[in-house]
Protein chains: 4
Amino acid sequence: MTRDVPTDTDRLSALPRPQPRKKKLSREEKAQLTLRNLLEAAAAIVGEHGYAATTIANVTREAGVAHGTFYNYFEDRQALFDVLLPYVGERMTDYITASLAGVGGGLEREVARFRAYCGYLRVNPGFYRILYEAEVFAPKAFDAHIERLTEGYVRAFRRAIAAGDCYEMGDEELRAIAGILLGARAYVAMQFKDTGVIPETAIAAYESLMKQGLFKAK
Amino acid sequence: MTRDVPTDTDRLSALPRPQPRKKKLSREEKAQLTLRNLLEAAAAIVGEHGYAATTIANVTREAGVAHGTFYNYFEDRQALFDVLLPYVGERMTDYITASLAGVGGGLEREVARFRAYCGYLRVNPGFYRILYEAEVFAPKAFDAHIERLTEGYVRAFRRAIAAGDCYEMGDEELRAIAGILLGARAYVAMQFKDTGVIPETAIAAYESLMKQGLFKAK
Amino acid sequence: MTRDVPTDTDRLSALPRPQPRKKKLSREEKAQLTLRNLLEAAAAIVGEHGYAATTIANVTREAGVAHGTFYNYFEDRQALFDVLLPYVGERMTDYITASLAGVGGGLEREVARFRAYCGYLRVNPGFYRILYEAEVFAPKAFDAHIERLTEGYVRAFRRAIAAGDCYEMGDEELRAIAGILLGARAYVAMQFKDTGVIPETAIAAYESLMKQGLFKAK
Amino acid sequence: MTRDVPTDTDRLSALPRPQPRKKKLSREEKAQLTLRNLLEAAAAIVGEHGYAATTIANVTREAGVAHGTFYNYFEDRQALFDVLLPYVGERMTDYITASLAGVGGGLEREVARFRAYCGYLRVNPGFYRILYEAEVFAPKAFDAHIERLTEGYVRAFRRAIAAGDCYEMGDEELRAIAGILLGARAYVAMQFKDTGVIPETAIAAYESLMKQGLFKAK
DNA sequence: GATGAATGAGAATTCATTCAT
DNA sequence: AATGAATGAATTCTCATTCAT
């Protein structure tokens, strides 16, 4: 993990952060700030208490705006949910991408990716819940998230195959492998959600699986 | 897959099935039947529409009993949810255990297990939703389910290690591997939840991973 | 207070107590025992938790009989409530009557009555709640109880007047006085319901009021 | 009883009354009006039918607002109950205080207080039920009400003692006497709840008791 | 745009009462 | 008589959404 990597709290792709220097915000800036506040409030609440506990009243209270203001920014509650995972999911992938800068290829890179994911979860424990509950409460966003990650994996493995680091595979197999790896990291994260820390043993097991499988050739 | 293996709809561990011969059921038998009906109704509804849509009114209507009857069998709605995954989860593992009868060991057996799981999901598509939404709506039951499966994996791999089929691993690594494999199958199932059929390509990818990993030795 | 005076737990006007000698109870004896058990259960529950918390299920559980059995003894829940205060109220007045045996007349006797009431409440704290909540949940029984006590007071004061211990009063005044005295003892009991003990100061204040009123003649 | 004294229906300490001149009410004024309507509705229903019959649906219907509106003003039904006796109780004591303006001290004043209470009940018959059922349904409010009245009595009697109108008493005795007097007036009111009118005979009996007690000195 | 009071549809839960065994 | 499962009416409470200010 590099230290100058963005985290959930200091980076927000398109949205403006509060600018303490200027007191005067343009109308549009204020609106964007409100939107940002709503999203951050939602992320905090969903991350800690889950989607079901995330009422409009909770979100607006946390965001410091009036109840009705919510509906100036979102069609309805579902619209917020549909947007939340993309919002935090992009931060997660940016973090991982940044973490992988300069890391080699093949196995080393894949293990680094796994490790970066674990690191992200430790720093942003709310992300885990926003993600896994999305399968229930924002299934389209969840599917899109998975699809986005799957494509990333497929591209990465195509590169690894081209570099000769990795066994040959067709596209359908590659997608299956991407699913397997996503599931692997999700469930490993789940095993350690109490502690928040994924131990080196687990990472080693992952590495070993990637490198040689589990079963000896006969 | 063997054909004479029990499925969700024709086998119910302890609960009595309706006995068409005798018209007269004892009071206790009727009560057990009512319980069974409630559970089956809940399984059907959760499997198709999810826990959130599973209201007491829906369950009792589907079960053909009065609203209040529900509370003769369950403390509250959560109590039903807490019991549902164990109820259907046992059927699932029974199915897999039965499917593995007579199958060899090592890789072959692990691939057969994966395949049996895929087969079970095809026949009982509702199980997938009962399972993954449980993480949200019945987290204790979910954790217990995962723990039960994890322990099964650990035992299976210890046997494989003892038989020399499998690389050596310590307990903590074994548990991590179990998590990985559970995640793998969960996410592969997720990829194909629309079609309900998990293709041979995916099974082949899984087998290849188990056998040799993904990356070539340098 | 005399020691051989009956208390809530060892005396039950007409109802049989369990007879440990004979194992065989006649059908009617068993029925009377069940009735007694239901009443005692109700008295215990109402005394501790109030009428509202006194469900049929609670009463039958406490009495050790089946839910449905209740309706063999009472038309409905209200019928039980209507009978409960008379049932325990008679024990209370019996106690007081017994306590007054041999006590003189006039002021001394009235103070002894007040003191006996306080003593009864200390030993049977549940009575207080059965009584005061009856005004809400069994108003007819409550009115009858009050009427019975009022008449007792009126008779007692007529005797005191005849004996020259007490100022002359007409019947309507006497009834008003009875109400005042009943209210006085009820509210004094209320003041001390936490401790369960009514202090001598309060009794002294009562005595002083009876003896000379509160205000000096001008 | 003075005629220009406020009664339950025309005076409401802090809450605004509808202002027929201005059609436009500010948002806050409307909210206060809604609160007032809910409280008045509750007072009317509890006064006539008791707390148990006072459902949210009844209250909101009577108040002319939607069911859910109730919960904008009260946490739950109990919160309404807890507030109801203070709300009407203050009006009662204000009435009595106003009635006592200009009345002398000592016995005369105490009898006037008793009479004022009787008068209040005649005009506001609902108050009696709101009060006595509060012991069951809003015990904290009931205790606070009693405590408030008790303290008032204690202060009044201290003044009377200082003026030499009244026999000397310590604080504990004074509190007991306050309890006795509160009970006396409560039970006298109870005796006449059917007619709604407390006859002069009863007031005379009360006065006589205050003046000379009940029993002749020997 | 922001505000926050009002709305009312829905869901869970309780429990007195019934009745077949 | 005793039993206890079944019933369903009644009630509380939640909360997304609307809309007048």
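Every chain is numbered from 1, with letters handed out A, B, ... down the list of sequences.
Legend: residues meeting side chain to side chain contact (heavy atoms under 4.5 Å, CB included) with A138(B), ordered by chain and number and at least two apart, are Q78(B), F81(B), D82(B), A134(B), A141(B). Take Y128(A) and apply the side chain to side chain donor-acceptor pair (under 3.5 Å) test, not counting sequence neighbours, and it matches E135(B). Not a single salt bridge (charged side-chain N to carboxylate O under 4.0 Å, His left out) links E62(D) to another residue, sequence neighbours left out. Scored by the side chain to side chain contact (heavy atoms under 4.5 Å, CB included) test, A144(D) finds no partners at all (sequence neighbours excluded). Checked against ring-ring contact (aromatic ring centres under 6.0 Å, His included), Y73(A) has no partners two or more places apart in sequence or in another chain. In this structure V83(B) satisfies the side chain to side chain contact (heavy atoms under 4.5 Å, CB included) test together with L39(B), F74(B), sequence neighbours excluded. By the side chain to side chain contact (heavy atoms under 4.5 Å, CB included) test, V136(A) is found to be paired with Y132(B), E133(B), V136(B), F137(B), residues two or more places apart in sequence or in another chain being considered.
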Give every donor-acceptor pair under 3.5 Å between a side-chain atom in residues 44-55 of chain D and any protein atom, sequence neighbours left out.
residue : atom : partner : partner atom : Å
Y51(D)  : OH   : I130(D) : O            : 2.8
T54(D)  : OG1  : G50(D)  : O            : 2.7
T55(D)  : OG1  : N58(D)  : N            : 3.0
T55(D)  : OG1  : N58(D)  : ND2          : 3.2

* To do: Return one dot-bracket line describing DNA chain F 5' to 3' (Watson-Crick or G-U wobble pairs, both distances under 3.5 Å; ( ) same strand, [ ] crossing, | another strand, . none).
  => .||||||||||||||||||||
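Atom-to-atom, CG of L35(B) to P of dG4(F) comes out at 18 Å; the value is rounded to the nearest Å. If you take CZ of R27(B) and P of dC19(E), they are 15 Å apart, rounded to a whole angstrom. Atom-to-atom, CZ of F81(D) to C1' of dC13(F) comes out at 14 Å; the value is rounded to the nearest Å. In this structure, CG of L80(B) is placed 15 Å from C1' of dT13(E), rounded to the nearest angstrom. Put simply, CD on E28(A) is 12 Å from P on dA2(E), counting in whole angstrom units. In this structure, CG of L33(C) is placed 14 Å from C1' of dA1(F), rounded to the nearest angstrom. The separation between F137(D) atom CZ and dT11(F) atom P is 13 Å, rounded to whole Å.
Separation of atoms CZ (R77(D)) and CD1 (I56(D)) is listed at 6.5 Å; rounding is to 0.5 Å. A distance of 11.0 Å separates CG in N37(D) from OG1 in T69(D), rounded to the nearest 0.5 Å.
For the residue pair A43(A) and L84(A), the shortest heavy atom distance occurs at N-CD1, 3.8 Å.
A sub-4.0 Å separation between OP1 or OP2 of dT21(E) and a side-chain N or O of S26(B) is absent.
Listed by residue number, there are no residues of residues 44-62 of chain C with a heavy-atom contact under 4.0 Å to DNA chain F. For the segment residues 63-79 of chain B, the set of residues with a heavy atom within less than 4.0 Å of an atom of DNA chain E comprises H67(B), Y71(B), D76(B), R77(B), in numerical order.
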